[in-house]
Amino acid sequence: MTDPLLPLNALRAFAVAARHESFLLAGQELNVSPGAISRHVKTLENHLGTALFLRHSNGVTLTDTGRVCLERFAPLMDDLATATRDLRTHVEARPIVISTLPVFMEKWLTPYLSDFQNGHPDIRFRFDFHDGISTDGRGFSFGPDIDAMIVYVERPPEGFHSERLFGEKLVPVCSPTLRAAMPDTLTLRDILSQTRLQDTFWPDDWSVWARAMGHPGNLQAPELSFALYNGLIQSVKSGMGVAIGHSAMIRRELEAGDLVAFDAFAIDAPESYYLVTRRSLRNNPKLAAFWKWILKCSGNS
């Protein structure tokens, strides 16, 4: 049979009271009442089955057993305090680990990060990448070292704390040069007759968009696919063809005039970007600071 562990709060109260040989001074050091110290000591005495202090009208003194306990327990309490401080230092120094989509990091998050670091120079980050999960939240995997994930899904996974950052539009885009070569008034046929480009991470963009436009049949696969969204955008900017743009990821290219969007053919994307964490981590102060900041950046503060 395993011996029951000694109550830590009672041990701590005893160690301080034994060092001072005073419940009053122990209470002042631990910021509790002398009565609370007395109750903790009594709990320990009951647990050990022996008296640790002799009570007098003007104070307390250690018994012989109490002195033995102090010699044995005080180093253990010091070791525990040191281990706690070391662990707290490790936790405070550990970077916040955010797992996100490469395209979200590259096209949306990175331009804002210097603002966060300027306001929170003591918080360090490590960004990992995931390949995405199914749009309905199935297949969601939250690694043990991950503090939060930014996911692109129709609805957030169950069992986690999550908040929606924003949605976006799916809209055909091309270069200004290619747009000038197309009819002023576009039809669905005009767009689909161009060389179609796509990102391999979002292989269904063209079919989702075409169905929303009322296209009657299945589309053939796009002529060119790119493993990196930035490669796709550069190819569109060079005039190679038309892609389905994710409006939140190409905002800067649109504002700069590097891309032209066919706004009359835009649809709401079925998925949205969500920030997700374990419920147990929600009150982590570093993560809470990042959470508040990114919601503000996304317009949800």
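By convention here, the first residue in the shown sequence is residue 1.
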**Report entry** Linked, directly or transitively: Y152 and L109 (ILVMFWY side chains, under 4.5 Å)
**Finding:** yes
**Report entry** Trace of the side-chain contact (heavy atoms from CB on, under 4.5 Å) decision for L192 with H215
**Finding:** CA-CA 10 Å; L192 292 177; H215 187 270; 3.4 Å; yes
Report task. Inspect the surroundings of CD in E158 and state if more than 12 heavy atoms from other residues, nucleotides or ligands are less than 6.0 Å away. Result -> no
Query raised in the report: In terms of hydrophobic clustering (I, L, V, M, F, W, Y; side-chain heavy atoms under 4.5 Å; direct or indirect links), are V260 and V171 co-clustered?
Result: no
Requested in this report: Measure from the side-chain N and O atoms of E106 to the backbone N and O of L101, and report whether any donor-acceptor pair falls under 3.5 Å.
Outcome: no
Query raised in the report: Taking atom OH of Y273 and atom CD1 of I150, what is their separation to the nearest 0.5 Å?
Result: 10.5 Å
Query raised in the report: How many angstroms lie between CH2 in W291 and CG in L165, if you round to the nearest 0.5 Å?
Result: 8.5 Å
Report task. Please confirm whether the backbone N or O of I98 pairs with a side-chain atom of D147, one donor and one acceptor, at under 3.5 Å? Result -> no
Query raised in the report: Would you say I294 and Y112 make side-chain contact, with heavy atoms under 4.5 Å?
Result: no
**Report entry** Shortest non-hydrogen contact between D258 and P176, atoms and distance
**Finding:** O-CD, 3.4 Å
Requested in this report: Grab the two heavy atoms, one from L219 and one from A210, that are nearest each other, plus how far apart they are.
Outcome: CD1-CB, 3.6 Å
Report task. Please report the shortest heavy-atom distance between I267 and M213, naming the atom on each side. Result -> CG2-CE, 3.4 Å
**Report entry** W206 with L178, same ILVMFWY side-chain cluster at under 4.5 Å
**Finding:** yes
Report task. Identify the heavy atoms of D190 and T185 that sit nearest to each other, and give their distance. Result -> OD2-O, 3.8 Å
Query raised in the report: Atom OG1 of T50 and atom CG of L44: how far apart are they, to the nearest 0.5 Å?
Result: 10.0 Å
Report task. Begin from the C-alpha positions of H20 and Q28 and carry the test side-chain contact (heavy atoms from CB on, under 4.5 Å) through to its verdict. Result -> CA-CA 11 Å; H20 291 294; Q28 292 174 352; over 6 Å; no
**Report entry** L30 versus A13, closest heavy-atom pair with distance
**Finding:** CD1-CA, 4.1 Å
**Report entry** W202 vs I244 side-chain heavy atoms within contact, under 4.5 Å
**Finding:** no
Query raised in the report: Under 3.5 Å, is there a donor-acceptor pair between the side chain of T177 and the main chain of G239?
Result: no
**Report entry** Main-chain N/O of A266 paired with W209 side-chain donor or acceptor, under 3.5 Å
**Finding:** no
Query raised in the report: Would you say the side chain of K169 lies within less than 4.5 Å of the side chain of D268, judging by non-hydrogen atoms?
Result: yes
Requested in this report: Go through the steps for H246 and W108 under the test ring pair (Phe, Tyr, Trp, His ring centres under 6.0 Å), then give the verdict.
Outcome: CA-CA 11 Å; H246 287 243; W108 193 89; over 10 Å; no
Report task. Decide side-chain contact (heavy atoms from CB on, under 4.5 Å) for I233 and F226; before the verdict, give the C-alpha distance in whole Å, the side-chain angles of both, and the deciding distance to 0.1 Å. Result -> CA-CA 9 Å; I233 296 305; F226 298 83; over 6 Å; no
Query - N/O donor-acceptor pair under 3.5 Å between S235 side chain and G231 backbone - result: yes
Requested in this report: Please work out whether the ring planes of F53 and F14 are parallel, tilted or perpendicular, with thresholds of 30° and 60°.
Outcome: perpendicular
Query raised in the report: Can you tell me how far CE of M240 sits from CD of Q194, rounded to the nearest 0.5 angstrom?
Result: 13.0 Å
Report task. Could you check if a side-chain atom of F290 sits within less than 4.5 angstrom of a side-chain atom of F116, using non-hydrogen atoms only? Result -> yes
Query raised in the report: If we only count heavy atoms from C-beta on, is the M105 to T100 side-chain gap below 4.5 Å?
Result: yes
Requested in this report: Kindly say whether D184 contributes a backbone atom to a donor-acceptor pair with the side chain of R179 at under 3.5 angstrom?
Outcome: yes
Query - L24 reachable from L54 in the ILVMFWY side-chain graph, under 4.5 Å edges - result: no
Report task. Evaluate salt bridge (charged side-chain N to carboxylate O under 4.0 Å, His left out) for R67 paired with E21, printing each intermediate quantity in order. Result -> CA-CA 11 Å; R67 295 189 187 282; E21 282 199 298; 3.7 Å; yes
Query raised in the report: How many angstroms lie between atom OG of S162 and atom CZ of R282, to the nearest 0.5 angstrom?
Result: 10.5 Å
Report summary line: In terms of heavy-atom contacts, F265 and L186 come closest through CZ-O, 3.6 Å
Query raised in the report: According to a 4.5 Å side-chain heavy-atom criterion applied to Ile, Leu, Val, Met, Phe, Trp and Tyr, with indirect links allowed, do V68 and L11 form part of one hydrophobic cluster?
Result: no
Query raised in the report: salt bridge (charged side-chain N to carboxylate O under 4.0 Å, His left out) between R251 and E168: does it pass, once the steps are laid out?
Result: CA-CA 10 Å; R251 179 172 59 85; E168 62 184 354; over 6 Å; no
Query - Heavy atoms of other groups near L228 CG, more than 12 under 6.0 Å - result: no
Query raised in the report: Between CD1 of I250 and NZ of K107, what distance do you get to the nearest 0.5 Å?
Result: 9.0 Å
Report task. May I ask you to check whether over 12 heavy atoms, not counting those of N118, lie within 6.0 Å of atom CG? Result -> yes
Report task. Please tell me if the side chains of V208 and P270 come closer than 4.5 Å, counting only heavy atoms from C-beta onward. Result -> yes
Report task. Check the pair I96 / N284 against side-chain contact (heavy atoms from CB on, under 4.5 Å), numbers first and verdict last. Result -> CA-CA 10 Å; I96 295 295; N284 178 305; 4.1 Å; yes
**Report entry** Side-chain heavy atoms of V151 within contact of F104, under 4.5 Å
**Finding:** no
Report task. Check the surroundings of atom CZ in R196: do more than 12 heavy atoms from other residues, nucleotides or ligands lie under 6.0 Å from it? Result -> yes
Query raised in the report: Does the side chain of F23 come within less than 4.5 Å of R55's, by heavy atoms?
Result: yes
